[in-house]
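Written below as structure tokens is the structure these notes are about.
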Amino acid sequence: MRYPVSEHFDGRRFFNPGGLPAGTPLDVLRWKLTSRPARWPRSVANTHPVRIPDGVAADEVAATFVGHATFLLQFRGANLLTDPIWSACAGPFGRLGPRRVRPPALALDALPPLRAVLVSHNHYDHLDLPTLRALDRAQRPLFVTSLGNERWLKRRGIRDVVELDWWQTHPMGDGLSVTFVPAQHFAARGFTDRYKTLWGGFVVERKGVKVYFAADSGWFDGFRAIGERLGPFDLALLPIGAYEPRWFMTPVHVTPEDAVQAHLDVRSRLSVAMHFGTFQLTDESIDEPIVRLRAALAERAIPEGTFVVPEFGETILTRRAEARPGSTYGADRTRRS
């Protein structure tokens, strides 16, 4: 790799400035030998009807929850997909690793034309190569990803790729731009490539409509920095699951309570939960993230309808609002279908 030395790259590896390092391979082994994971169901059916909008207004964005960290984002004249995974397992070849409990709420061939696909980092549940290859063959969108992944993807047949550093923006024309932002996490496809590529989230903006996609992150002060630098946001997509045991997961995944604080720190008018109920990646039960999120929202007196848990296949449509201190989106300003 030939990247300039920066606050998060030492010339050989990326790291979290001032943050906790992720667990070592020995920690992974310790976790696997000592964990007592909750029992998840073998499968859960999606029952919510999927109704993708034919179009949205210039001051609106629609987010359809496909599952895990995959959303279809629809802006006026531009559709994007976040961290798409349609494979049955989150692991090598789409056949190994944690098994999918809920199917994708939307078929790949039901997707509308895509302007871009956002890939936050190279973990298998976020960079699913079989899905990316299928999207490239069918639509040939632009793939926007983190430093270190462009060459890797192109060597595997993905044609149009751009990689970004933290805070770097890629304009896509017609008022649409994507900015890569920091996260407290790490990257690896195996035991020999840890920290060799970057990780992060995305901010998508189109003519004043702002969406923050957090991808994977442990708790860090960067949430406040993102809110101060690029917020407030009309919509934030925030993870709430895959956090137990805390001795191992604290550096890489937020708890539901952390997600509530992130919602406040990034200054989101409407936040939508993700990264739950799809793959059993960690030890908590399938329902615990939702239960704890709702309890945390009540404890913090967060207005109802401001941080919601979507149904799989649900579309949430929201619009740009004037930035006023303390202003939020409520249920009266958000249409869900």
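Computed from a predicted model, the values in this text were never measured in an experiment.
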Test side-chain contact (heavy atoms from CB on, under 4.5 Å) applied to Val252 and Phe186, step by step:
CA-CA 7 Å; Val252 294; Phe186 79 112; 3.6 Å; yes
When you look at Glu257 and Arg246, which way does the salt bridge (charged side-chain N to carboxylate O under 4.0 Å, His left out) test go after all the steps?
CA-CA 13 Å; Glu257 294 80 9; Arg246 295 310 293 152; over 6 Å; no
Do Phe93 and Tyr124 make the cut of ring centroids closer than 6.0 angstrom?
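Ring-ring flag for Phe93/Tyr124: false, centres at least 6.0 Å apart.
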Check the pair Gln261 / Arg300 against side-chain hydrogen bond (donor to acceptor under 3.5 Å, both in side chains), numbers first and verdict last.
CA-CA 9 Å; Gln261 186 61 50; Arg300 300 291 295 272; 2.9 Å; yes
Answer with yes or no whether the side chains of [Y] and [X] bring together a donor and an acceptor at under 3.5 Å.
X	Y	result
His185	His123	yes
Thr282	Gln280	no
Glu205	Tyr212	no
Asp216	His126	yes
Trp199	Asn122	no
Asp83	Ser120	yes

Where does the angle between the aromatic ring planes of Phe223 and Phe220 fall among parallel (under 30°), tilted (30 to 60°) and perpendicular (over 60°)?
perpendicular
Please determine which of Val56, Leu235, Thr64, Val61 meets the side chain to side chain contact (heavy atoms under 4.5 Å, CB included) test together with Leu317.
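Testing Leu317 for a side chain to side chain contact (heavy atoms under 4.5 Å, CB included) against Val56, Leu235, Thr64, Val61 leaves exactly one candidate, Val56.
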Looking at every non-hydrogen atom in both residues, tell me the closest pair between Arg156 and Arg133 and how far apart they are.
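Looks like O-NE, 3.0 Å.
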Minimum heavy-atom separation for Gly67 to Thr278, with atom names?
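In terms of heavy atoms, the two residues are closest at C-OG1, 3.9 Å.
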For the pair Phe279 and Ile85, evaluate side-chain contact (heavy atoms from CB on, under 4.5 Å) and give the outcome as yes or no after the intermediate values.
CA-CA 11 Å; Phe279 300 96; Ile85 176 168; 3.7 Å; yes
Could you measure the distance from the CG atom of Asp234 to the NZ atom of Lys210? Nearest 0.5 Å is fine.
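Rounded to the nearest 0.5 Å, the CG-NZ separation comes out at 8.0 Å.
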Between Trp247 and Arg30, is there a cation-pi geometry (under 6.0 Å to ring centre, at most 45° from the normal)?
yes
Measure from NZ or CZ of Arg102 to the centre of the six-membered ring of Phe312, then state whether that distance is under 6.0 Å and the direction lies within 45° of the axis.
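Yes, a cation-pi geometry.
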side-chain contact (heavy atoms from CB on, under 4.5 Å), that's the test. Do Leu114 and Leu72 meet it? Break it down for me.
CA-CA 9 Å; Leu114 298 172; Leu72 171 64; 4.0 Å; yes
